Amino acid sequence: MIVPLTSRALVPSHNSSLGFTSLAKLSSGNLLAEVDLRRAVVSLKLRQDKKVSMGQFLTPASVAQLMAEMFNRLDLPEISLLDPGAGIGSLLAAFVAKVCQHRQHTSSLRVVAYEIDPFLIGYLDQTLKLCERECEDVGISFNYEIRETDFIEDAVRLLQLGLLNSAMPTAVNYATEFTHAILNPPYLKINAHSQVRELLRSIGLETSNLYTGFMAATAQLLKPSGEFVAITPRSFCNGPYFRDFRKMFLETMALEQVHLFESRQEAFSDDDVLQETIIIQATKQKQKSSSVIINTSFGANDDLIMSHSVPYTELVHPDDLEQFIHIIPDKISQQIVQRMALFTWTLKDLGLTVSTGRVVDFRAKDYLRTNPENNTVPLIYPVNLSNGYVEYPKITKKAQAIVHVKETANLLIPNEHYVISKRFSSKEEKRRIVAVVYDASQFNYAYVGFENHLNYFHKDGCGLSITLARGLAVYLNSTLVDAFFRLFNGHTQVNATDLRKLNYPNLQQLLSLGTGIKEQFPSLREIDQLIENHLLSMSNLSENNPIATKSRIDEALQILTQLGFPQAQLNERSALTHILHLEI
């Protein structure tokens with residue numbers, strides 16, 4: 001019997017082995033409702049191009065409440081809150097509501113809000129006046145300051161002033177005046193030669209995006225033991241671009257909670273936000289907690305949250321020079337990480353490397369041809385990837401050939417066997433890594449071109465054996481690799497760097513995977529069986545098979561889809577609950 005899911009009826013108890021808990025909503029009265037109504041109005045008035053140019057999206061009340069709920073230390077005699085990109089004040093309003101409802105609330109609350117948009121400042125002032133009234137009702141002394149200046153500029157000024165004052169014991173250090181910080185920082189790339197980049201360098205941070213600059217400066221402005229809650233893109237957790245930020249942030253801040261959203265759109269449903277967002281809560285201290293809480297929900301309004309505790313040393317490996325943040329949300333994910341740890345070879349160990357396709361079509365447009373002609377060679381796009389191999393030529397708007405002349409010689413590579421994969425995918429797609437075999441025997445050409453939206457695996461610029469290419473493609477297309485990659489990749493790209501960071505089976509294992517595969521590429525079910533039989537059958541992890549669980553989840557999701565369940569319930573947590581009910 002299939003039991004329909006509701007948002008509350010199927011919530012297991014807190015002691016359930018699946019780790020579900022029910023989210024307690026704040027009863028914040030009229031304050032948050034009134035602020036969120038204004039946010040909705042303002043959001044409609046703000047043009048989308050202005051939001052993108054400033055990199056700032058206003059925070060919905062549901063997200064703000066969720067973030068305010070993550071603070072732990074609200075019983076201090078005096079609280080000073082920093083909101084470095086306040087907008088209309090949704091976040092600080094949620095924080096004030098939380099403080100006012102706290103059983104042993106503070107006697108004094110001070111808020112410093114930064115905002116440079118004149119259109120938003122008037123709304124922000126109204127919000128702070130509402131907060132003042134809320135505090136008066138419960139006997140909290142409240143004062144606030146709106147700083148109509150660039151946060152990075154002012155933060156650097158304060159930090160430099162703090163350094164000067166540190167030599168004077170009697171001086172007040174205004175640089176670290178805040179006990180709490182809550183932020184939704186602007187997401188905006190910054191030029192290497194811009195003033196803001198220079199300012200961030202002056203406080204020891206090299207970064208390419210403004211949101212990590214806001215996070216770093218905010219952390220430095222906190223008092224020791226100060227609390228920090230931020231909603232940001234997940235991209236800072238890995239990759240070379242944010243290495244300096246991770247090292248700086250993790251040196252001074254101890255992560256305590258991470259909240260993941262299964263839906264990329266739900267957290268900011270009013271705006272077209274493509275980045276995967278997460279919420280982090282951290283404390284300013286060098287000593288790290290023994291464990292970190294990882295919560296997962298579909299969106300901020302979700303009543304069903306999956307909660308999981310992981311050792312801090314699993315979140316950030318002590319010996320990892322890159323300081324990657326490995327967010328492992330549940331037991332299944334933990335089992336996937338354990339299985340991937342069985343593969344210890346790198347591409348370098350295998351004598352292989354991966355590169356990005358050399359043909360940037362708009363730069364080579366004079367040499368592109370719709371169909372093959374004399375003196376052309378194949379040009380392969382992502383659209384040509386099909387069923388484990390390359391479909392060529394294909395009826396498409398994309399050019400299918402490139403002229404082979406002196407001017408294009410450096411864009412082409414020898415026509416040999418390769419594995420090629422798509423560079424762009426999203427969390428919502430069925431597969432994050434899509435890899436196929438480029439079988440050179442199917443192309444009667446001396447050279448081939450791979451477009452820039454593809455990565456290709458090669459050996460010193462030349463091809464692989466066909467057996468190795470097939471084995472490597474099987475491995476990359478497996479559910480195991482896909483599930484592992486999703487854990488640690490928060491952006492829409494599958495870069496060559498990401499593929500280099502993966503661990504791989506040894507050469508003999510890859511060849512064994514490729515043996516027996518011919519023109520018909522195996523299905524996903526067959527691929528997973530090959531991985532199980534050739535790579536994992538002798539391991540002591542074979543009894544706990546997370547891939548089998550993933551398959552059951554996928555089947556349950558298909559059932560929920562066929563039954564017409566709402567989009568908010570088409571997620572792994574609902575599928576797990578469905579499986580649980582069937583077993584009961």
Side-chain angles (χ1 to χ4, degrees), residues 19 67 70 72 181 183 185 204-209 211-220 222 224-261 275-296 306-344 346 483-491 495 497-498 500-503:
M67 292 171 67
M70 294 173 75
N72 294 318
L183 62 157
L205 178 64
E206 186 65 58
T207 187
S208 59
N209 203 293
Y211 85 88
T212 48
F214 266 61
M215 292 171 74
T218 299
Q220 292 192 39
L222 282 173
S225 300
E227 273 195 280
F228 173 106
V229 174
I231 182 166
T232 73
R234 185 176 171 174
S235 51
F236 75 88
C237 293
N238 54 31
Y241 297 125
F242 299 106
R243 182 193 299 113
D244 284 355
F245 166 74
R246 286 193 300 273
K247 290 180 178 180
M248 171 184 279
F249 189 81
L250 295 174
E251 172 68 22
T252 58
M253 303 295 293
L255 288 170
E256 294 182 345
Q257 294 183 68
V258 178
H259 192 105
L260 305 174
F261 296 107
Q275 283 286 330
E276 183 179 351
T277 53
I278 64 172
I279 302 173
I280 63 168
Q281 181 257 334
T283 299
K284 189 169 184 177
Q285 60 186 39
K286 290 185 179 294
Q287 181 66 35
K288 312 307 180 189
S289 304
S290 60
S291 61
V292 178
I293 301 297
I294 311 294
N295 293 320
T296 306
M306 187 160 60
S307 186
H308 181 63
S309 176
V310 300
Y312 194 96
T313 52
E314 288 188 15
L315 188 81
V316 183
H317 300 164
D319 57 349
D320 181 10
L321 297 178
E322 299 287 334
Q323 292 288 276
F324 280 10
I325 301 172
H326 303 272
I327 303 174
I328 305 172
D330 50 48
K331 291 291 185 184
I332 297 173
S333 301
Q334 205 161 21
Q335 291 170 0
I336 286 167
V337 171
Q338 290 169 350
R339 287 192 157 213
M340 285 294 292
L342 296 173
F343 310 130
T344 58
T346 65
F484 181 82
F485 189 80
R486 287 174 184 272
L487 289 175
F488 307 122
N489 183 284
H491 47 80
N495 292 317
T497 302
D498 298 318
R500 291 188 197 106
K501 288 292 292 184
L502 278 177
N503 283 357

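These figures come from a predicted structure and were not determined experimentally. Along the sequence shown, residues carry numbers from 1. What's counted below: heavy atoms across the whole structure, side chains too, no hydrogens, waters or symmetry copies.
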Asn209 and Phe242, any side-chain heavy atoms less than 4.5 Å apart: yes
For the student: nearest non-hydrogen atoms of Met248 and Gly204, plus distance: CE-O, 3.2 Å
Closest contact, heavy atoms only, Thr207 versus Gly213: CG2-N, 4.2 Å
Rounded distance [0.5 Å steps], OG in Ser333 versus CD1 in Ile294: 10.0 Å
Check: His326 and Asp320 side chains under 4.5 Å, non-hydrogen atoms: yes
Heavy-atom side-chain proximity of Glu251 to Gln323 below 4.5 angstrom: no
Nearest-0.5 Å distance that lies between atom CE in Met306 and atom CG in Asn295: 10.0 Å
By side-chain hydrogen bond (donor to acceptor under 3.5 Å, both in side chains) - contacts of Arg243 (at least two apart): Glu322
Other residues, nucleotides, ligands: >12 heavy atoms within 6.0 Å of Tyr241 OH: no
Side chain proximity check, Ile280 to Met215, heavy atoms < 4.5 angstrom: yes
Separation of Ile231 CD1 from Ile278 CD1 (nearest 0.5 Å): 9.0 Å
Any Thr212 side-chain heavy atom under 4.5 Å of Asp244 side chain: no
Ring pair (Phe, Tyr, Trp, His ring centres under 6.0 Å) partners for Phe236, two or more places apart: Phe245
Separation between CG of Asn503 and CZ of Phe484, rounded to the nearest 0.5 Å: 6.5 Å
Reported CD-to-CG distance for the pair Glu276 and Leu260, which is rounded to 0.5 angstrom: 7.0 Å
Nearest non-hydrogen partners of Met67 and Ile279, listed with the distance: CG-CD1, 3.6 Å
Worked check of side chain to side chain contact (heavy atoms under 4.5 Å, CB included) between Thr252 and Gln220: CA-CA 8 Å; Thr252 58; Gln220 292 192 39; 6.0 Å; no
Qualifying residue for side-chain contact (heavy atoms from CB on, under 4.5 Å) with Gln281, from Met253, Met70, His259: Met70
Residues Leu255, Leu250; criterion side chain to side chain contact (heavy atoms under 4.5 Å, CB included); working and verdict: CA-CA 8 Å; Leu255 288 170; Leu250 295 174; 3.9 Å; yes
Chi angles and distances behind the side chain to side chain contact (heavy atoms under 4.5 Å, CB included) call for Val292, Val316: CA-CA 10 Å; Val292 178; Val316 183; over 6 Å; no
Polar contact flag, side-chain donor to acceptor under 3.5 angstrom, Thr283-Glu256: yes
Check: Phe249 ring centroid to Phe228 ring centroid under 6.0 Å: yes
Minimum heavy-atom distance between Ile328 and His308, given as atom pair plus value: O-CD2, 3.2 Å
Between OG on residue Ser289 and CG on residue Leu315, distance to nearest 0.5 Å: 10.5 Å
